[in-house]
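The structure appears right after this line, and notes come after that.
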Amino acid sequence: MEYVGLADCNNFFVSCERVFRPDLWNKPVVVLSSNDGAIVARSEEVKKLGVPMGVPYFKVRDVFEKNQVAVFSSNYELYRDMSNRVMEVLAEELGEIEQYSVDESFFRMDVKDIAVAEQELFWLRETVRKQVGIPMSFGLAPTKTIAKYASEKEKRGSGVCLMTKEEWLKQADQVLLSELWGVGGAMSQKFRAQGLSSVKDLLSADPSRIERLYGVYGKKLLAEVSGDQSRSQSIHDDLPKSIMSTRGFSKTTTDFSVLAEALAYHVSKAAEELREKKGVAGKVSALILTNRHSDWVLRGGGKEAILPQATNDTRLLLKEVLRLAKEVYEPGVPYKKAGVVLGFIKPDSVGQVSLFGEDAMENERLMEAIDGLNKKIGPDSVTIGRAKLKSGWSNRHDHRSPRYTTSWNELPRVS
DNA sequence: TCTGGGGTCCTAGGACCC
DNA sequence: TCTGGGGTCCTAGGACCC
């Protein structure tokens, strides 16, 4: 029988830091968001201190000092690189995987013997730990939602949980809807209002009532928790629907040239990813936003444009983004964040190039050369326009670890 | 003083047409 | 005094995820 699996890295950002700081295993560690604003990853020890995900750093700084918590600014370059290494090992052993986030992938597995399947996953878990150094959890079940639940369940145990439909249904009255993937605060409140709190409640309700009350959402959730694998959605997506790059500034700015510089950076980042995924974008939006905790919340915003011809050319995209941003920009408004979203993404099909003629061929070669150099020398070594991170708007990262794996100057030292 | 960034999917409601 | 209603398309925004 075919099962769906979820492979999940434990406390991923924290684990990445620990790989290069083995002294921190079993010690409390956190990773902060960009600008050192909020907590985005916590080790088990920090979770036990009762520090929730997403709290602003300044609110818990005292607790951290008292408990000698090791604090890291986020080092996304390192995490992306470690993620690629993990995913490579998984793909090698499992075949096709569907990467769901930086630290999770779904996969399929044909299970004939449950014990054998479990052994395989234990072995895979150990392989990743040896080759990359990251601890993982695996869940295997008839549907994605159940697989996710299974992987969570064994996170602090053996790290592998295979859950059959029978086992799932047997414990359905113990599983709260609010614990499920895809059920957040708003939805669990709505469920409670209708007297539905456990998976069993949902399964014993009249399906037509669920669909009437909760629409498409209810229908999908019902299919997922019923454990009927034939109704679980397909596991593979090729291209993302959109690619975005946005970031807040450490200080607000009213200066359009500073915004333009930030937008140039975001366009080059997003376009690089687009090219890496072999896609072209048919829609582009520019965002310039104000501080959402200030009186300027309602000012600023975004504007989007459909492109006459889908492209992944940084220069064409940038021209459009700057035009859009100028339309949104108002002098005197303090902007806190800028970003770019690429949409209507389609595969960069063969033959499309000829539509543009010689110029496009030139551009394509240029883009390839830039991406190649950046991969070789280090990210952002070569940029277009003024796309480098500069002090005027770039982020704060007082506690960033070295870029051990992606920057020649920051390799780990062995002594 | 300081509150992430990158995604997906769905729905309500406005604009427009007949 | 009367001031439709049904379709379609688009966008903003909500909810959720990591």
Side-chain angles (χ1 to χ4, degrees), chain A residues 6-14 30-42 51-62 71-77 79-80 83 98-106 137 144-145 148-149 151-152 177-191 211 214-221 224 233 237 239-252 262 265-266 269-270 273-274 277 283 285 287 289 291-294 297-298 301-306 336-345 395-399:
Chain A
L6 178 69
D8 190 357
C9 300
N10 298 345
N11 313 324
F12 183 57
F13 295 173
V14 166
V30 291
V31 176
L32 306 177
S33 64
S34 69
N35 287 321
D36 290 350
I39 314 300
V40 291
R42 305 156 297 156
V51 175
M53 182 76 170
V55 284
Y57 177 40
F58 72 91
K59 282 193 179 169
V60 284
R61 195 175 300 199
D62 291 350
V71 176
F72 290 90
S73 300
S74 45
N75 186 343
Y76 293 111
E77 240 171 77
Y79 310 149
R80 241 194 314 276
S83 166
E98 178 200 345
Q99 193 169 343
Y100 172 71
S101 71
V102 69
D103 66 330
E104 285 168 297
S105 272
F106 287 103
S137 310
K144 287 183 173 180
T145 304
K148 179 87 177 165
Y149 179 83
S151 83
E152 291 288 326
L177 291 172
S178 58
E179 294 177 88
L180 296 182
W181 185 43
V183 182
M187 284 318 296
S188 50
Q189 219 176 326
K190 270 179 126 177
F191 283 132
E211 206 179 325
Y214 308 107
V216 176
Y217 174 87
K219 197 176 173 179
K220 283 188 176 172
L221 185 66
E224 280 286 311
Q233 322 97 306
D237 290 325
L239 285 169
K241 300 269 195 297
S242 66
I243 292 174
M244 73 170 93
S245 176
T246 66
R247 196 170 303 161
F249 311 146
S250 42
K251 275 188 214 134
T252 59
Y265 170 80
H266 291 302
K269 278 290 169 196
E273 192 184 336
L274 183 61
K277 298 196 164 149
K283 188 171 82 171
S285 359
L287 293 111
L289 305 168
N291 188 341
R292 64 176 195 265
H293 306 288
S294 79
V297 234
L298 299 175
K303 205 162 172 67
E304 61 182 43
I306 309 293
K336 179 72 173 137
K337 184 173 179 170
V340 166
V341 186
L342 306 180
F344 290 166
I345 292 174
N395 47 341
R396 182 164 51 211
H397 40 67
D398 297 339
H399 312 276

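We name chains A, B, ... by the order of the sequence lines, and we start the count at 1 in each one. Since we're looking at a predicted model, the values are computed, not measured.
Closest to the side chain of A/Met187, from the set B/dG4, C/dC16, B/dC2, is C/dC16. With distances taken from any side-chain atom of A/Glu304 to the nucleotides B/dT8, C/dC17, C/dT11, the minimum falls on C/dT11. Among B/dC2, B/dG7, C/dC18, the nucleotide with an atom closest to any side-chain atom of A/Phe58 is B/dC2. Out of B/dG7, B/dG6, B/dT11, the shortest distance to the side chain of A/Glu273 is found at B/dG7. Here B/dG4 is the nucleotide among C/dC17, B/dG4, B/dG6 with the atom lying nearest to any side-chain atom of A/Ser33. When the nucleotides B/dT8, C/dC18, B/dC10 are ranked by their closest atom to the side chain of A/Val216, B/dC10 comes out on top.
Between the side chain of A/Lys241 and the backbone N or O of A/Phe344, no donor-acceptor pair lies under 3.5 Å. Although no hydrogens or angles enter the test, the distance criterion places a donor-acceptor pair under 3.5 Å between the side chain of A/Tyr217 and the main chain of A/Gly182. A/Ser73 contributes a side-chain N or O that, together with a main-chain N or O of A/Asp398, makes up a donor-acceptor pair within less than 3.5 Å.
The CD-P distance, from A/Glu104 to B/dT8, rounds to 15 Å in whole Å. B/dG7 atom P lies 13 Å from atom NZ of A/Lys241, rounded to whole Å. The CH2 atom of A/Trp181 sits 17 Å away from the P atom of B/dG7 (whole-angstrom rounding). For A/Glu77 and B/dG5, the CD to P distance is 16 Å, given to the nearest whole Å. A straight line from NZ of A/Lys336 to P of B/dC2 spans 7 Å, rounded to a whole angstrom. Across the protein-nucleic acid pair, A/Gln99 atom CD and B/dG7 atom P stand 12 Å apart, rounded to whole Å. Rounded to an integer number of Å, the gap from A/Lys148 NZ to C/dC16 C1' is 12 Å. Residue A/Tyr214 contributes atom OH, which lies 18 Å from atom P of B/dC10 at whole-angstrom precision.
Residue A/Lys303 is classed as having no contact, given no heavy-atom separation below 4.0 Å to the nucleic acid. Here A/Tyr100 lies in heavy-atom contact (under 4.0 Å) with sugar-phosphate atoms only. Here A/Val55 lies out of heavy-atom contact (under 4.0 Å) with every strand. A/Gly185 comes within 4.0 angstrom of sugar-phosphate atoms only, judged by non-hydrogen atoms across all strands, and of no base. Note on A/Ser74: nothing from the nucleic acid sits closer than 4.0 angstrom, heavy atoms only. Across all strands shown, A/Asp103 has heavy atoms under 4.0 Å from sugar-phosphate atoms exclusively, and none from any base. Within 4.0 Å (heavy atoms only), A/Lys337 reaches sugar-phosphate atoms of the nucleic acid but no base atom. A/Ile243 comes within 4.0 angstrom of the backbone, heavy atoms only, and of no base. Residue contacts for A/Leu287: at a heavy-atom cut-off of 4.0 Å it reaches no nucleic acid atom on any strand shown.
The pair A/Lys277-A/Glu273 counts as a salt bridge, with a side-chain nitrogen and a carboxylate oxygen less than 4.0 angstrom apart.
Close to B/dG5, at under 4.0 Å from its OP1 or OP2, lies a side-chain N or O of A/Ser34. OP1 or OP2 of B/dT8 has at least one side-chain nitrogen or oxygen of A/Ser242 nearer than 4.0 Å. Close to B/dG6, at under 4.0 Å from its OP1 or OP2, lies a side-chain N or O of A/Thr246. Between A/Lys220 and B/dC10 there is a side-chain N or O to OP1 or OP2 distance below 4.0 Å.
Across every strand in view, B/dA12 sits in a pair with C/dT11 that passes the Watson-Crick or G-U test at under 3.5 angstrom.
Side-chain contact between A/Val30 and A/Val51 is absent, with no heavy-atom pair separated by less than 4.5 Å. Proximity of A/Glu104 to A/Phe12: side-chain heavy atoms (C-beta onward) are nowhere separated by under 4.5 Å.
With the nearest nucleotide of DNA chain B identified for both A/Tyr217 and A/Ser245, A/Ser245 has the one nearer the 5' end.
Considering A/Val340, A/Val341, A/Leu287 as possible partners of A/His266, the one that fulfils the side chain to side chain contact (heavy atoms under 4.5 Å, CB included) test is A/Val340.
Taking atom P on both B/dT3 and C/dC17, the two are 24 Å apart, rounded to the nearest angstrom. Comparing the P positions of B/dG14 and C/dG4 gives an interatomic distance of 15 Å, to the nearest angstrom.
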